[in-house]
Visitor: 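Pasting in a structure now, in structure tokens, and then I'll have a few things to ask.
Atom set for the values below is all heavy atoms of this structure, side chains included, hydrogens, waters and symmetry mates excluded. Both ligands and their constituent atoms are indexed starting at 1 by order of listing.
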Amino acid sequence: MGTEAVGTLAYDAPAAKVDRRRLIEQLGDAVRGLVAATCAAEAPPEELERAIAGTRQLAEGLRGFARPLGTASSSEDPLLPHLYPAGHGAGNPVAPPVHVEATEEGVRSRITLGRQYEGPRGRTHGGISALLLDEVLAYASTSAGRGGFTAYLNTSYHQAVPIQVPLEIRARIDAEDGRKTTVKGFIALESDPEVPLVSATALFVIPRADYEGNQK
Ligand SMILES: CCCCCCCCCCCC(=O)SCCNC(=O)CCNC(=O)[C@H](O)C(C)(C)COP(=O)(O)OP(=O)(O)OC[C@H]1O[C@@H](n2cnc3c(N)ncnc32)[C@H](O)[C@@H]1OP(=O)(O)O
């Protein structure tokens, strides 16, 4: 049996599943690195052609093992983090590598964004900032035992969020009202964590059926 940390819970997942999840995370990380290198590469034509052929061959190899759309991966486990969500899945090379930890007032995530998240030169794309805030604010709601889907995410962009610079994202519950949870948070430089670069307020709503089911 392998032990994988889930919040404060140590869960003995079957070793084969843990090993497989590690490989999936490593593949996600490797392809994420390839995506970042692709966005930065000033390579000569022959190197680009080599990269195109090699990448197409790798993709073709993996496509043969694709699971049907809408089905869960055999590596998913209800007690372990999902591997493929676009916002944080460690196995999803498109997802920024978001890790969240609990703090006294809520949650915090430290992250450095690669070149693939660039919008205007040197700055993070605003949609990526919104994605990060949605993710970390949702995590604050979930880890407080609330959860819910994002009903709105209001973002204010105060200053540029730099690429390849350590960032800190913090979030805390602002209000709870039945099925509704309002969460506030912001992205800052890790070196200047009190100055918001992008701030957000989000409303998370638990669907009525889920909420009423939990009240029984
Ligand atoms: C390591 C990292 C881990 C990370 C851990 C997890 C990270 C995952 C993060 C992903 C988060 C997402 O992106 S979620 C995906 C994006 N969001 C969605 O797909 C949601 C789509 N929308 C919906 O499914 C629905 O609209 C819901 C569930 C949000 C609400 O539906 P409903 O339950 O039928 O809503 P309804 O009865 O009308 O409203 C309930 C109450 O909410 C209020 N309300 C509803 N919508 C709004 C709104 N836009 N603005 C204001 N208020 C609203 C209503 O006024 C009402 O208040 P009152 O009258 O009761 O006072």
Visitor: Would Ser109 and His99 count as having a side-chain donor-acceptor pair, cut-off 3.5 Å?
Guide: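 Checked: Ser109/His99 side chains show no N/O donor-acceptor pair below 3.5 Å.
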Visitor: To the nearest 0.1 Å, how far is atom 59 (O) of ligand 1 from its closest protein heavy atom, and which atom is that?
Guide: Lys180 NZ, 4.8 Å
Visitor: Measure the spacing between NE2 of His125 and CG of Leu131 and express it to the nearest 0.5 Å.
Guide: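 His125 NE2 to Leu131 CG: 11.5 Å, rounded to 0.5 Å.
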Visitor: Please tell me whether Leu34 and Leu27 are part of a single hydrophobic cluster in this structure, the criterion being side-chain heavy atoms less than 4.5 Å apart.
Guide: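 Result: no, two separate clusters.
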Visitor: Output yes when a protein non-hydrogen atom is found under 4.0 Å of atom 26 (O) of ligand 1, and no otherwise.
Guide: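 No, there is none.
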Visitor: Taking atom 42 (O) of ligand 1 as the reference point, report whether a protein heavy atom occurs under 4.0 Å from it.
Guide: yes
Visitor: CD of Glu105 to CD1 of Ile173: how many Å apart, nearest 0.5 Å?
Guide: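 Taking CD in Glu105 and CD1 in Ile173, the distance rounds to 11.5 Å.
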Visitor: What atoms of ligand 1 come within less than 4.0 Å of a heavy atom belonging to Asp134?
Guide: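 Contacts of ligand 1 toward Asp134, numbered from 1: 11 (C), 12 (C), 13 (O).
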Visitor: Using protein heavy atoms only, decide if any is under 4.0 Å from atom 4 (C) of ligand 1.
Guide: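 Yes, because at least one protein heavy atom sits under 4.0 Å from atom 4 (C) of ligand 1.
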Visitor: Return yes if a side-chain donor-acceptor contact under 3.5 Å exists between Ser141 and Arg146, otherwise no.
Guide: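 No pair is found: no donor N or O on one side chain lies under 3.5 Å from an acceptor on the other.
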Visitor: Rounded to the nearest 0.5 Å, what separation is found between the OG1 atom of Thr142 and the CZ atom of Phe204?
Guide: 7.5 Å
Visitor: Distance to 0.1 Å, residue and atom name: give those for the protein heavy atom nearest to atom 46 (N) of ligand 1.
Guide: Ala151 CB, 3.6 Å
Visitor: For atom 50 (N) of ligand 1, what is the closest protein heavy atom, and at what distance to 0.1 Å?
Guide: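 Going by distance alone, atom 50 (N) of ligand 1 is nearest to Tyr152 CD2, 3.3 Å.
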Visitor: For Thr150, take its heavy atoms, then give the atoms of ligand 1 lying under 4.0 Å from any of them.
Guide: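 Near Thr150, the atoms of ligand 1 are 11 (C), 12 (C), 13 (O), 14 (S), 17 (N), 18 (C), 20 (C).
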Visitor: Strictly by modelled atom types, are Thr150 and Asp134 linked by a side-chain donor-acceptor pair under 3.5 Å?
Guide: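 A pair is found: one side chain offers a donor N or O, the other an acceptor, under 3.5 Å apart.
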Visitor: Can the positive tip of Arg67 be found less than 6.0 Å from the middle of the six-membered ring of Tyr84, inside 45° of the ring normal?
Guide: yes
Visitor: If you have a sec, work out which protein heavy atom is nearest atom 44 (N) of ligand 1 and how many Å separate them, to one decimal?
Guide: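 Ranking protein heavy atoms by distance from atom 44 (N) of ligand 1, first comes Leu203 CD2, 4.0 Å.
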Visitor: Going by distance only, is there an N or O of Phe204 that falls short of 3.5 Å from an N or O of ligand 1?
Guide: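 Between Phe204 and ligand 1 (N or O atoms, distance only) the closest approach is not under 3.5 Å.
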Visitor: Short check: is a protein heavy atom less than 4.0 Å from atom 19 (O) of ligand 1?
Guide: no
Visitor: Considering the heavy atoms of Ala138, write down every atom of ligand 1 situated less than 4.0 Å from one of them.
Guide: 7 (C), 9 (C)
Visitor: Out of curiosity, Gln164 CD to Glu118 CD, how far, rounded to the nearest 0.5 Å?
Guide: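 Separation between the atoms: 8.5 Å.
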Visitor: Given Ser75 and Arg20, is the side-chain hydrogen bond (donor to acceptor under 3.5 Å, both in side chains) satisfied, shown in steps?
Guide: CA-CA 7 Å; Ser75 307; Arg20 194 172 153 68; 3.0 Å; yes
Visitor: Between Glu76 and Leu83, does the side chain to side chain contact (heavy atoms under 4.5 Å, CB included) criterion hold? Intermediate values first, please.
Guide: CA-CA 7 Å; Glu76 294 290 356; Leu83 287 168; 3.9 Å; yes
Visitor: Do you see a protein non-hydrogen atom under 4.0 Å from atom 37 (O) of ligand 1?
Guide: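 True for atom 37 (O) of ligand 1.
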Visitor: Please report whether atom 22 (N) of ligand 1 has a protein non-hydrogen atom at a separation of less than 4.0 Å.
Guide: no
Visitor: Could any protein non-hydrogen atom be found less than 4.0 Å from atom 31 (O) of ligand 1?
Guide: no
Visitor: If you count the atoms of ligand 1 from 1 in the order shown, which ones are under 4.0 Å from a heavy atom of Phe149?
Guide: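 Per the distance check, 14 (S), 20 (C).
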Visitor: Between Asp177 and ligand 1, find which residue part has any heavy-atom pair under 4.0 Å and reply side chain, backbone, both or neither.
Guide: neither
Visitor: Below 4.0 Å from ligand 1: does a non-hydrogen atom of Thr142 turn up there or not?
Guide: no
Visitor: Do Val94 and Val136 belong together in a cluster built from hydrophobic side chains that touch within less than 4.5 Å?
Guide: no
Visitor: Which option out of Arg179, Glu135, His88, Arg208 puts a heavy atom nearest to atom 39 (O) of ligand 1?
Guide: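 Of the listed residues, Arg179 has the closest heavy atom.
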Visitor: May I ask whether atom 14 (S) of ligand 1 is less than 4.0 Å from at least one protein heavy atom?
Guide: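 Neighbour list for atom 14 (S) of ligand 1 includes protein heavy atoms (cut-off 4.0 Å).
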